[in-house]
Amino acid sequence: MEKTAEKHVVPAGHKDREKWERKGYLMQWTRVNKDFPIPPNHNPTRIITEKELLQHNTIGDCWTAVRGIVYDISDYIYYHPGGAEHLMRGAGRDCTDLFDEYHAWVSAEAYMAIGQRVGRLESKIGGGRVGTLQTLGAKGGGKIEFFSGTLEKEERYNYNSSIFTFKLDKPMKLDLGQHVKMSSAKGKPIMRAYTPINEVGIAEELVILIKLYGDGAMSQALTKLEFGNQIKFKVGKNRYQLGKAVKHIGLIAGGTGIAPIFQIIQTVLQTSDISLTLLFSNVVEEDILLREKIDAFQEAHPQKFKAHYVLTNPTETWTGLRGRIDREKIAEHLPPPHPSTQICVCGPVSMTNAIEKLLHDMEYTSEHLHLFL
């Protein structure tokens, strides 16, 4: 899922506001954080629970944890070269795996000011971590290995989305919930993560559903791509691991976040007796991606799969759910907290962060949740 680039913003009144905005990016952090104030009663050794960490997952109040150290990165958000959207993927959670996937060679402890260290994350024996990507193999770093795909087909799906099919130069093993990073072939390197919608297993091609933004850097690169042109890919590190005791999976998706959720649906329905329930949020009915395939799954598996479409701006004739995905909709349609329950969430970062906090308030635990970030 690609997001439009966010303009960096320096808080009003900041002495360097005009200078940084003229430069167009805010990598002046290393200069600014030298004088970062140490808050009163500062205690960087105090123990912080996952529940406390999760309460700080918004733009104005943002904590994250890297290798056991919890940082308040609320001020740094404005300086992140990749924009706030990417940084918010680690908001309110342990983002060690995510950090290593992109910045394994960087020392977060050296980069953050002393005053930003708010404590140490409570360690847990066994179980999952809040929002942690499930990884296989070594952590990031080392040589980045790319493979190539040739644009074979482009099918317009709706007014702002297309399905791209890339023939791979060599087969790859596509795991459940695995994303790939796509890099533009020409000009300034651009990299975005997408989850293919083709079936898991040995893949000779990648089928990727992409929403095209008018001002999106990758969107512009893709619209210029011609059939037969090649593009570079890198395998992402996250996987979705289905728990052995799971009997019912609740699925929450927003927009193009349906991609990994769709992959779970088609795989689980073909290979197990697990029940699935989907809450799929969009703005208008025309935004509902893969609807015909989702409806076909419901028709073929009425006892195992149920989908509920949610619109935030529906027409008067809309008969589905209205508004945002909230406590009431989750309680009514998704399985309750239980050792046999799992909840998967994928959507815009702000939506995912809000849903995660809501689920924890509803007594779902980290072991119940898998967030695609």
- Message: Run the side chain to side chain contact (heavy atoms under 4.5 Å, CB included) test on Leu311 and Val283 for me, step by step, so that the C-alpha distance in whole Å, both residues' side-chain angles and the decisive distance to 0.1 Å come before the verdict.
- Response: CA-CA 5 Å; Leu311 298 184; Val283 178; over 6 Å; no
- Should Met182 and Ile210 be marked as a side chain to side chain contact (heavy atoms under 4.5 Å, CB included) after you check the CA-CA gap, both sets of side-chain angles, and the distance that decides it? CA-CA 11 Å; Met182 181 188 298; Ile210 300 176; 4.0 Å; yes
- side-chain hydrogen bond (donor to acceptor under 3.5 Å, both in side chains) assessment of His248 paired with Ser340: CA-CA 7 Å; His248 196 165; Ser340 64; over 6 Å; no
- Mind running side chain to side chain contact (heavy atoms under 4.5 Å, CB included) on Leu334 and Leu279 for me, showing each step along the way? CA-CA 8 Å; Leu334 297 189; Leu279 285 175; 3.9 Å; yes
- Message: Evaluate Phe305 against Leu269 for side chain to side chain contact (heavy atoms under 4.5 Å, CB included), listing each step before the verdict.
- Response: CA-CA 8 Å; Phe305 176 51; Leu269 290 179; 4.0 Å; yes
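In summary, the side chains of Asn353 and Arg89 do not present any donor paired with an acceptor at a separation below 3.5 Å, with no hydrogens or angles considered.
The shortest distance between side-chain heavy atoms of Ser183 and Ile231 does not fall below 4.5 Å. At least one side-chain heavy atom of Val180 sits less than 4.5 Å from a side-chain heavy atom of Leu206. Contact annotation: the side chain of Lys181 never approaches that of Phe146 to less than 4.5 Å [non-hydrogen atoms, C-beta and beyond]. For the pair Ile274 and Leu242, the minimum side-chain heavy-atom distance is below 4.5 Å. Between Asn282 and Thr312 there is no side-chain heavy-atom pair separated by less than 4.5 Å. The shortest distance between side-chain heavy atoms of Thr45 and Asn43 falls below 4.5 Å. In this structure the side chain of Thr256 never reaches within 4.5 angstrom of the side chain of Ile258, judged on heavy atoms.
The residues Glu50 and Arg93 are annotated as not salt-bridged, no charged nitrogen and carboxylate oxygen being separated by less than 4.0 angstrom.
Here Arg120 contributes atom CZ and Ile48 contributes atom CD1; the two are 10.5 Å apart, rounded to the nearest 0.5 Å. Here the straight-line distance linking atom CD1 of Ile330 with atom CE of Met362 works out to 5.0 Å at 0.5 Å rounding. Separating the CE atom in Met88 from the OG1 atom in Thr64 is a distance of 9.5 Å, to the nearest 0.5 Å. One finds the CD1 atom of Ile252 at 5.0 Å from the CD1 atom of Ile355 (value rounded to the nearest 0.5 Å). Atom CD of Glu122 and atom OG1 of Thr49 lie 6.0 Å apart (nearest 0.5 Å). Atoms NE2 and CG, on His179 and Leu174 in that order, are 11.5 Å from each other to the nearest 0.5 Å.
For Ala259, the side-chain contact (heavy atoms from CB on, under 4.5 Å) partners two or more places apart in sequence, or in a different chain, are Thr195, Ile197. Scanning for side-chain contact (heavy atoms from CB on, under 4.5 Å) contacts around Pro336 gives an empty result, with sequence neighbours left out. Residues passing the side chain to side chain donor-acceptor pair (under 3.5 Å) test with Arg46, sequence neighbours excluded: Glu52. Listed by chain and residue number, His368 satisfy the ring pair (Phe, Tyr, Trp, His ring centres under 6.0 Å) test with Tyr364 (two or more places apart in sequence, or in another chain). For Thr165, the side-chain contact (heavy atoms from CB on, under 4.5 Å) partners are Glu152, Lys153, Glu205, Val207, not counting sequence neighbours. The ring pair (Phe, Tyr, Trp, His ring centres under 6.0 Å) check on Phe280 picks up nothing, with sequence neighbours excluded. Evaluation of the ring pair (Phe, Tyr, Trp, His ring centres under 6.0 Å) rule for Phe297 yields Phe262 as partners, not counting sequence neighbours. His308 is linked by a ring pair (Phe, Tyr, Trp, His ring centres under 6.0 Å) to His333, counting only residues two or more places apart in sequence or in another chain. Remark: Asp72 engages Trp63, Ser74, Val118 in a side-chain contact (heavy atoms from CB on, under 4.5 Å) (not counting sequence neighbours).
A donor-acceptor pair under 3.5 Å links the side-chain atoms of Thr223 to the main chain of Gln220, judged by distance alone. For the pair Asn229 (side chain) and Glu226 (backbone), a donor-acceptor distance under 3.5 Å is present. Side chain of Ser148 to main chain of Lys232: no donor-acceptor pair is present (N/O by atom type, distance under 3.5 Å, no hydrogens or angles). Under the 3.5 Å distance criterion, the side-chain polar atoms of Thr267 are matched with a main-chain donor or acceptor of Gln263. Remark: the backbone N or O of Tyr213 is paired with a side-chain donor or acceptor of Ser219 at under 3.5 angstrom. With hydrogens and angles disregarded, a donor-acceptor distance shorter than 3.5 Å links the side chain of Lys304 to the backbone of Ser272.
Closest non-hydrogen pair, Cys344 versus Tyr240, comes out as SG-CE1, 3.4 Å. For the residue pair Gly90 and Cys95, the shortest heavy atom distance occurs at CA-CB, 3.8 Å. The two residues Ile202 and Pro171 come nearest to each other via the heavy atoms CG2-CB, 3.9 Å. The two atoms that bring Pro196 and Ile208 nearest to each other are CA-CG1, 4.3 Å, heavy atoms only. Nearest heavy-atom pair across Val70 and Leu121 is CG2-N, 3.7 Å. Leu289 and Asn158 get closest at one heavy-atom pair: CD2-ND2, 3.6 Å.
Evaluation of the salt bridge (charged side-chain N to carboxylate O under 4.0 Å, His left out) test over residues 282-292, restricted to residues two or more places apart or in two chains, returns Glu285-Arg291, Arg291-Asp295. Sorted by first then second residue, the salt bridge (charged side-chain N to carboxylate O under 4.0 Å, His left out) pairs that include residues 163-174, not counting sequence neighbours, are Lys167-Glu204, Lys173-Asp175. Listed by first and then second residue, the salt bridge (charged side-chain N to carboxylate O under 4.0 Å, His left out) pairs involving residues 312-336 are Asp326-Lys329 (not counting sequence neighbours).
A ring-centre distance under 6.0 Å is not found for Tyr71 and Tyr76.
Each of Val246, Leu276, Ile343 was scored for a side chain to side chain contact (heavy atoms under 4.5 Å, CB included) with Pro335, with one residue passing: Ile343.
Cluster annotation: Phe233 and Phe227 are assigned to the same hydrophobic cluster (Ile/Leu/Val/Met/Phe/Trp/Tyr, side-chain heavy-atom contacts under 4.5 Å, transitive). Hydrophobic clustering places Trp318 together with Ile294 (ILVMFWY residues linked when any side-chain heavy atoms are closer than 4.5 Å, directly or through intermediates).
Counting heavy atoms of neighbouring residues, nucleotides and ligands inside a 6.0 Å radius, atom NZ of Lys247 does not exceed 12 of them.
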